[in-house]
Protein chains: 2
Amino acid sequence: MSNPDPSSPLRRRAPIPKEACALAMAAEEIGDRWSLLILREAFYGVMRYDDIRADLDIPRSVLSDRLARLVARGCLEKRPYREAGDRTRYAYALTHKGRDLATVLIALTQWSETHIIGGPGPVDIIDRTTGRPITAMLVDDADQIVTVADATWRQRPGTNDTTS
Amino acid sequence: MSNPDPSSPLRRRAPIPKEACALAMAAEEIGDRWSLLILREAFYGVMRYDDIRADLDIPRSVLSDRLARLVARGCLEKRPYREAGDRTRYAYALTHKGRDLATVLIALTQWSETHIIGGPGPVDIIDRTTGRPITAMLVDDADQIVTVADATWRQRPGTNDTTS
DNA sequence: GCATCTGAATCCATATTTCGAACTTAGCGT
DNA sequence: ACGCTAAGTTCGAAATATGGATTCAGATGC
């Protein structure tokens, strides 16, 4: 995903406008300071309003807004539950769509450990059944692991390049 | 990276406070609406101020601020260049740290294609030398591909759980 | 029934950030 | 010297975030 031709390092326009860009749409959905942190809580199993609020120290109005947005976008779902002798409450649980963000969050965590923290973080990601440590990697269609430097991009056939 | 014990789906506190969380730090650096999009431009090879501005339609003041921040954090570097018969200018190029975000951006693009667009996007990520399509995946330490559902987390030995 | 507790959410006034447009700067070509 | 252009800066208006107080709804206790 570097420049396709290293000999012409300067491109004047992106190959696709941001309105058609999958990445740009994803940034719209989860690309703000709080949504990522709320999803982090969900992955850790912290699903209740006040618990999330206590962990993140986020204003109530913002938390309400972000939870509603993540539910509306289908990343979280409001799930009723009840504990013994208590009333029904709602927890914000990851949907399939939300859980699929794990690869992104794991990759981002690794990046941070390498380039910000400069060492392993306080939590390991492991395989639930084998116990082996897990990392996010780039893999080709023959399941061969490739490096970031190997990755580049290509206009998909049938898509018209809007570059002037 | 789901809950470690599916039978107790409710955790009251995250295993680590956000101040010590690698993910939270990464969110600080690139978790805003514009930084991700600016990095997208950089990956496509669009590196000049006015080109980025034209692609993203971002206010100049915000672009200046975000570029300076990304340079200060070491994701981009200001690199002088000059075209024939023109004065020296500066381009914002990915550093090693910035380029390493490719795995995150590719994973996020894939997530968007699956869960937002609902089909392949207009750009393919491929291996520069083999031409094979590339995806971001979770891999264990024996290079076996694992699913998102297999991934869970564990407090790293020696780290003290701050959960009350 | 009625007060009380608590999680969840809304309201409101203030502070910060973003926006869009106009303005400034630096170096090149004529 | 003059105009041109890429790259910033500046500035008032609009939008958003923040922190605190208030409201709401369901469950329990009296």
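Throughout, protein chains are lettered first and strands after them, A, B, ... in sequence-line order, and every chain is numbered starting at 1.
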What is the distance, rounded to the nearest whole Å, between atom [atom1] of [X] and atom [atom2] of [N]?
{"X": "A:Ile38", "N": "C:dA9", "atom1": "CD1", "atom2": "C1'", "result": "14 Å"}
{"X": "A:Arg48", "N": "C:dA9", "atom1": "CZ", "atom2": "C1'", "result": "16 Å"}
{"X": "A:Asp51", "N": "C:dA9", "atom1": "CG", "atom2": "P", "result": "13 Å"}
{"X": "B:Ile58", "N": "D:dT9", "atom1": "CD1", "atom2": "C1'", "result": "15 Å"}
{"X": "B:Arg82", "N": "D:dT5", "atom1": "CZ", "atom2": "P", "result": "18 Å"}
{"X": "A:Arg89", "N": "C:dA8", "atom1": "CZ", "atom2": "C1'", "result": "9 Å"}
{"X": "B:Tyr49", "N": "D:dT9", "atom1": "OH", "atom2": "P", "result": "8 Å"}
{"X": "B:Arg87", "N": "D:dG3", "atom1": "CZ", "atom2": "C1'", "result": "13 Å"}

Using a strict cut-off of less than 4.0 Å between a Lys/Arg side-chain nitrogen and an Asp/Glu carboxylate oxygen, indicate whether [X] and [Y] qualify as a salt bridge.
{"X": "B:Arg69", "Y": "B:Asp65", "answer": "yes"}
{"X": "A:Asp141", "Y": "B:Arg132", "answer": "yes"}
{"X": "A:Lys18", "Y": "B:Asp55", "answer": "no"}
{"X": "A:Glu29", "Y": "A:Lys97", "answer": "yes"}
{"X": "B:Asp50", "Y": "A:Arg12", "answer": "no"}

Assign A:Arg53 to base, sugar-phosphate, or nothing according to its heavy-atom contacts below 4.0 angstrom with the strands shown.
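Since no nucleic acid heavy atom lies under 4.0 Å of A:Arg53, the category is nothing.
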Side chain of A:Arg33 only, heavy atoms from C-beta on: which candidate in D:dA6, D:dA17, C:dA8 is closest?
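Closest nucleotide among those given: D:dA17.
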Would a 4.5 Å heavy-atom cut-off, applied to side chains only, mark A:Arg60 and A:Arg53 as touching?
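SC-SC contact between A:Arg60 and A:Arg53 confirmed.
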Using a cut-off of strictly less than 4.0 Å, decide whether [X] has a side-chain nitrogen or oxygen near OP1 or OP2 of [N].
{"X": "A:Trp34", "N": "D:dT16", "answer": "no"}
{"X": "B:Tyr90", "N": "C:dG27", "answer": "no"}
{"X": "B:Lys78", "N": "D:dG8", "answer": "yes"}

Among residues 59-73 of chain B, which ones have heavy-atom contacts with DNA chain D below 4.0 Å?
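Correct list: B:Arg60, B:Ser61, B:Ser64.
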Donor-acceptor pair, B:Ser112 side chain versus A:Leu23 backbone, under 3.5 Å?
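Judged by distance alone, no pair lies under 3.5 Å.
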